[in-house]
Amino acid sequence: MPDRTLSNNIRVLRFMTGEMTQADLGSKVGVTRQTIAAIEAGKYSPTLECAFRIAEVFGKPLEEVFSWK
Amino acid sequence: MSHRERFALVWVVALVVVLGTYMVLVAALPGYDGFGVSTKIALLGGTLGILALAAIATQIAAHSAADRPESLALDERDRLIAGRAAAAAYHVLIAGMIIVGIVMPFNKGGWEIINAALLAIAAAEIVHHGLIFAAYRRGVRA
């Protein structure tokens with residue numbers, strides 16, 4: 001099975017929503033700033049629930065925030 | 001660096017330095033076997049006391065440096081990292097306890113068993129917090 005990785009557009013979406021800080025996003029989603037930083041950097045794959053919450057904050061469908069390539 | 005990552009690093013260093021010094025003293029100190037019980041208890045108590053102080057000081061420093069009070073609460077990533085580290089440390093601890101509690105009583109006794117138990121606990125703690133530090137540094141996959 002070919003290796004695929006989970007990537008995301010959180011950095012871009014934060015920029016597009018008035019340069020929302022990682023801490024602000026974290027508090028809206030219910031995780032720490034460090035966890036948002038780890039997700040952005042690809043060092044942590046969030047749970048499905050957390051991924052949906054992040055997408056909800058940006059008002060985007062899940063596949064516009066996360067991709068699996 | 002999050003306060004949990006910082007605490008894990010400092011705690012591993014404290015364990016290695018303090019308990020390492022104690023173990024080297026126990027192994028290399030001439031006449032350790034001839035010491036009285038009170039001397040040995042004082043040596044062990046002093047070591048554990050220093051470790052307790054190090055743990056308290058590290059926790060206070062880590063908490064005061066936490067950038068937001070809510071970051072002290074565990075989130076899903078913290079719980080995943082803590083759970084995996086605890087599972088690995090459990091195996092180290094159980095192996096140590098089998099050696100200390102089942103094997104050693106047949107041919108060792110007294111302080112050798114106590115010190116071996118301390119070593120097993122320390123090894124499990126080092127694995128636990130070492131893995132926590134590594135997971136925060138290198139990332140973790142669900």
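The chains referred to below are lettered A, B, ... by the order of the sequence lines, with proteins before strands, and numbering in each begins at 1.
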Check for me, please, whether [X] and [Y] land in the same ILVMFWY cluster - side-chain distances under 4.5 Å, paths through other members count.
X: Y90(B); Y: W11(B); value: no
X: V12(A); Y: W68(A); value: no
X: M16(A); Y: I54(A); value: no

Between atom OG1 of T35(A) and atom CG of D78(B), what is the distance when rounded to the nearest 0.5 Å?
5.5 Å
Rounded to the nearest 0.5 Å, how far apart are CG of D75(B) and OH of Y44(A)?
7.0 Å
Less than 4.5 Å apart, any side-chain heavy atom of R77(B) and any of Q34(A)?
yes
If one checks every heavy atom of R79(B) against chain A at 4.5 Å, the contacting part turns out to be neither
Neighbour count >12 (heavy atoms, 6.0 Å) for atom CZ, F35(B)
yes
Does atom CD (Q59(B)) have a neighbourhood of more than 12 heavy atoms from anything else shown, all under 6.0 Å?
yes
Do the side chain of K43(A) and the main chain of R137(B) share a donor and acceptor less than 3.5 angstrom apart?
yes
Counting N and O atoms only, with roles assigned by atom type, does the side chain of E76(B) sit under 3.5 Å from a partner on the main chain of V31(A), one being a donor and the other an acceptor?
no
